[in-house]
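A short write-up of the structure that comes next.
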Amino acid sequence: MDKYKTTVPWSNFQNIISIESEYPKVTIGAEGFATLCPTADVDFTSVSGVKAYIGSMFNRQTGVLTMTRAYDVPAGTGLMLKGEPGTYSIPTCESFTVVSNLLKGVTEATNINATENGYINYVLNNGSQGVGFYKVGTAGASLEAGRAYLQIPAETPASRNALKLHFDDEEEVTAIDDVLQQDGKTVLYDLQDRRVEQPQRGLYICNGKKVIIK
């Protein structure tokens with residue numbers, strides 16, 4: 001940008017502004033984590049130093065929340081950010097991928113209740129078990145505009161006050177654990193931890209493992 005300001009003919013313009021300066025900005029604190037609800041469609045593909053994740057799957061047996069890397073996402077998507085402390089400019093985009101996500105974004109300051117429409121609510125916090133998602137207390141929790149919280153089905157054991165985090169891009173990708181033939185007896189859950197009574201072909205969770213029905 002400085003070269004444009006001093007090089008003819010671009011220097012003839014009175015006001016030269018970097019495109020990057022108009023991008024949405026996010027800040028990562030000392031803990032290395034934050035949540036985000038972007039007000040525009042954004043793309044993290046070329047951003048260095050910070051990664052964006054959606055909450056893609058919850059394992060009721062282990063209490064582990066799987067975080068899946070997200071790149072281009074629509075406005076209003078709840079995201080968890082992981083990276084080096086600092087402020088980052090996030091490019092906007094004109095197209096995006098629609099995602100299934102356990103994280104819920106808020107566009108204005110909001111008081112989050114302990115439960116909501118059959119879900120238990122959790123907020124990101126640095127608590128007794130380190131940085132993670134902790135259950136909202138009966139008094140509720142205040143969330144700033146542009147942040148996100150987590151929703152888990154209320155049938156999940158109520159004793160889980162904090163959820164473990166698993167980032168699925170930080171280990172070698174492996175094959176599906178098992179192949180399951182439909183027998184009508186096995187209890188299956190979808191990737192959002194909802195019980196499936198009449199499963200079709202596809203990917204499910206069975207006894208804490210990913211399985212596929214042919």
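The structure places CE of Met67 at 5.0 Å from CG of Leu103, a figure rounded to the nearest 0.5 Å. We find the CG-CD distance between Leu124 and Glu31 to be 8.5 Å, quoted to the nearest 0.5 Å. Note: Asp72 CG to Asp41 CG = 9.0 Å, rounded to the nearest 0.5 Å. The CD1 atom of Ile120 sits 13.5 Å away from atom CG of Asn113, with the distance rounded to the nearest 0.5 Å. Distance check: Thr115 OG1 to Lys135 NZ gives 10.5 Å after rounding to the nearest 0.5 Å. Between the NZ atom in Lys5 and the OG atom in Ser11 there is a gap of 12.0 Å [rounded to 0.5 Å].
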Query raised in the report: Checking side chain to side chain contact (heavy atoms under 4.5 Å, CB included) for the pair Lys51/Phe44: CA distance, chi angles, key distance, verdict?
Result: CA-CA 7 Å; Lys51 297 178 181 179; Phe44 282 83; over 6 Å; no
Requested in this report: Kindly indicate, with the supporting measurements, whether the criterion side chain to side chain donor-acceptor pair (under 3.5 Å) is fulfilled by Thr27 and Thr87.
Outcome: CA-CA 4 Å; Thr27 299; Thr87 299; 3.1 Å; yes
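Residues Val136 and Leu165 do not share a hydrophobic cluster, defined by chaining ILVMFWY side chains whose heavy atoms lie under 4.5 Å apart. Tracing side-chain contacts under 4.5 Å through hydrophobic residues (I, L, V, M, F, W, Y), one never reaches Val123 starting from Tyr119; they form parts of separate clusters. Placement of Ile152 and Val131 within a single hydrophobic cluster is found when ILVMFWY residues are connected by side-chain heavy-atom separations under 4.5 Å, directly or transitively. Leu79 is connected to Ile90 through a chain of hydrophobic side-chain contacts under 4.5 Å among Ile, Leu, Val, Met, Phe, Trp and Tyr, so both are in one cluster. Linking Ile, Leu, Val, Met, Phe, Trp and Tyr residues whenever their side-chain heavy atoms come within less than 4.5 Å leaves Leu65 and Tyr149 in two separate clusters.
Heavy-atom minimum distance, Ala148 versus Thr35: N-OG1, 3.2 Å. A pairwise comparison of heavy atoms in Thr77 and Pro74 identifies OG1-O, 2.8 Å as the closest pair. The two residues Gly137 and Ala114 make their nearest non-hydrogen contact at O-CB, 3.5 Å. The heavy-atom pair separating Thr107 from Cys37 by the smallest distance is CG2-SG, 4.1 Å. Minimum interatomic distance between Gly78 and Asn101 (heavy atoms only, all atoms of both residues): O-ND2, 2.6 Å. Asn161 approaches Tyr122 most closely through the heavy-atom pair O-CE2, 3.9 Å.
Aromatic ring pairs are classed by plane angle as parallel below 30°, tilted from 30° to 60° and perpendicular above 60°; the pair Phe167 and Tyr53 is perpendicular.
Looking at Asn121, its side chain never comes within 3.5 Å of a backbone N or O of Gln151 through a donor-acceptor pair. A donor-acceptor distance shorter than 3.5 angstrom exists from the side chain of Thr110 to the backbone of Glu108, with no hydrogens or angles considered.
A side chain to side chain contact (heavy atoms under 4.5 Å, CB included) with Phe58 holds for exactly one of Val64, Leu102, Leu150; it is Leu102.
Partners of Asp43 under the side-chain hydrogen bond (donor to acceptor under 3.5 Å, both in side chains) rule, at least two apart in sequence or in another chain, are Thr45. Applying the side-chain hydrogen bond (donor to acceptor under 3.5 Å, both in side chains) criterion to Ser46, with sequence neighbours excluded, gives no partner residue. Checked against salt bridge (Lys or Arg N to Asp or Glu O under 4.0 Å), Glu116 has no partners two or more places apart in sequence or in another chain.
Other residues, nucleotides and ligands place more than 12 heavy atoms under 6.0 Å from the CG atom of Asn12.
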